[in-house]
Number of protein chains: 2
Amino acid sequence: MAYRETTKVLEKKSQMRSEILRSAETLVRVGGFKALTIQALANDVNMSVGNIYRYFGNKDALSVEVFRHSTERELLAVAQAIQGKTDISQSLEAGVRVFAERAFRAPVLAWALIAEPVEPAVDESRLFYREAYARLFEKVIAEGVASGTLPQQIPALSAAAIVGALAESLLGPLEHNGPEQEVIDGLVLFCLRAVGA
Amino acid sequence: MAYRETTKVLEKKSQMRSEILRSAETLVRVGGFKALTIQALANDVNMSVGNIYRYFGNKDALSVEVFRHSTERELLAVAQAIQGKTDISQSLEAGVRVFAERAFRAPVLAWALIAEPVEPAVDESRLFYREAYARLFEKVIAEGVASGTLPQQIPALSAAAIVGALAESLLGPLEHNGPEQEVIDGLVLFCLRAVGA
DNA sequence: CAATAAAGTGAATCATGATTCACTTTATTG
DNA sequence: CAATAAAGTGAATCATGATTCACTTTATTG
């Protein structure tokens, strides 16, 4: 037994993995998934192309992990905003607002996560997380309907529609640097009216 | 001058082009753009791969033409539905209804036109036509706001949100064969409430 | 130091369709 | 039929990144 994976080595490896991931996220944040190539990534972390594969099984796995990690952060922020209010309308408004504000803070990332053409594996994750967003809104809407605060409706449908409305109406302003406050306020009103709040 | 392009030949060529296009549209209608390969298309029209290129400059041009042709048909149907009513609310309702009903009639095509991962050139057309849809709704909303039938809002923003809501909330039901009438009725209500009708 | 296993290298190869091209066939006219 | 130009063929090539792999270097232990 001449060689063993010592804690020090394992830690270093895990740190290296994190660094690669962080670097990959930056590539996407700046240039979208199109900018995330193994070559570019290897360059960024001063590593050979082949060695990246010791940390990630393949490109799909890497891309999906980048997508999930980035999206989880956004999803969490929206979830917290929603849970931070007790009033139904305020809850919805806070969720919409946080989603939109964060998108304006990092427009390329928002576009990459929402609408950039990506490999099918990433697109599947996109579907998954769109549903996750929808479930956040669905829960609030369902409560509202149950308590009579909101009119009768199919909460899952309204929630999906809200997610679509958010994504679609932000893309234009994000790309063309549209007027942030007007857009966000308009979106909030649209969504509140849409569910009958 | 031994050979000249006679009308007969030109007509045959133009007919052949239409046939190729029709065949390409069928491929997309059945299997999405992923199913549209030059090979498959050549097979379908009993033609060699190389010969396809005498009718279409390259794959992008072909795909884009297929996309535009298919989408124009949908757009026209929605435009006509909207123009068929004088009342603002009825106009919006008709537009939403026709869009959704047609999507349920051809779910794979709807998915291909709305959300399938496609080559960037086609994606650009997608953007273009999403804006075209938005303008249709925008016009109605702007009229409503001007006449006082609808509350104050940014028509372009509300219109984009409606397009997004339609696209997003249909994808699930289309894929899982959801309950058509409930979904369409729910969507109509959502959109009418959203603009304040 | 010797032995061992993982980390690291980067040029070569692969995968997947699109695209080309040297060649054949067909249509047209005098 | 001869000449001409377009229509048609399909195997070979290209393009673009991902992926592999034979090899080198580094870390660890007795």
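Just so it is clear, the structure is predicted and the values come from calculations on it, not from any experiment. Letters go in sequence order (proteins before strands), and every chain restarts at 1.
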To the nearest angstrom, the CG-P distance between B:Leu10 and C:dA27 comes to 15 Å
Would you mind classifying the nucleic acid contact of B:Met16 as base, sugar-phosphate or nothing, using non-hydrogen atoms under 4.0 angstrom?
-> nothing
Under 3.5 Å, which donor-acceptor pairs do the side chains of residues 159-174 of chain B form with other protein atoms, sequence neighbours left out?
| residue | atom | partner | partner atom | Å |
| --- | --- | --- | --- | --- |
| B:Glu168 | OE1 | A:Arg130 | NH1 | 2.3 |
| B:Ser169 | OG | B:Ala165 | O | 2.5 |

Across all chains, not counting sequence neighbours, the ring-ring contact (aromatic ring centres under 6.0 Å, His included) partners of B:Phe190 are none
Contact state string [nucleotides 18-23 of chain C, B base, S sugar-phosphate only, - no protein heavy atom under 4.0 Å] | SBB---
Establish, with yes or no, whether the OP1 or OP2 oxygen of C:dT9 is under 4.0 angstrom from a side-chain nitrogen or oxygen of A:Ser48.
-> yes
Whole-Å distance separating the OH atom of A:Tyr55 from the C1' atom of C:dT9 | 13 Å
Side chains of residues 44-51 of chain B: which donor-acceptor pairs under 3.5 Å do they make with residues two or more places apart or in other chains?
| residue | atom | partner | partner atom | Å |
| --- | --- | --- | --- | --- |
| B:Asp44 | OD2 | B:Ser23 | OG | 3.3 |
| B:Ser48 | OG | B:Asn51 | N | 3.3 |

Do the side chain of B:Ser158 and the main chain of B:Pro155 share a donor and acceptor less than 3.5 angstrom apart?
-> no
Would you kindly give the CZ-to-P distance between B:Arg17 and D:dA6, to the nearest whole Å?
-> 17 Å
Value in whole Å for how far the P atom of C:dG17 lies from CG of B:Leu41 | 15 Å
Between the first and last five pairs of the helix from C:dC1-D:dG30 to C:dG30-D:dC1, the angle of the axes, rounded to 10 degrees = 10°
For the pair made of CD in B:Glu11 and C1' in C:dA27, what is the distance, rounded to whole Å?
-> 15 Å
From A:Ile20 CD1 over to A:Arg22 CZ, what is the distance, rounded to the nearest 0.5 angstrom?
-> 10.5 Å
When the distance from CE of A:Met47 to C1' of D:dT26 is rounded to whole Å, what number comes out?
-> 14 Å
Round to a whole Å and report the spacing from CD1 of A:Ile52 to C1' of C:dG10.
-> 13 Å
Other residues, nucleotides, ligands: >12 heavy atoms within 6.0 Å of A:Glu124 CD | no
Rounded to the nearest Å, what distance is computed from the NZ atom of residue A:Lys12 to the P atom of nucleotide D:dA27?
-> 6 Å
Carboxylate-amine/guanidinium contact A:Glu72 A:Arg68, below 4.0 Å | no
Inter- and intrachain pairs under ring-ring contact (aromatic ring centres under 6.0 Å, His included), touching residues 35-66 of chain A, at least two apart = none
Verify the contact: side-chain N or O of A:Lys13 to OP1 or OP2 of C:dA6, cut-off strictly under 4.0 Å; return yes or no.
-> no
B:Phe56 near the nucleic acid: base, sugar-phosphate alone, or nothing, with a heavy-atom cut-off under 4.0 Å?
-> nothing
Charged N-O contact under 4.0 Å between A:Arg126 and A:Glu131 | no
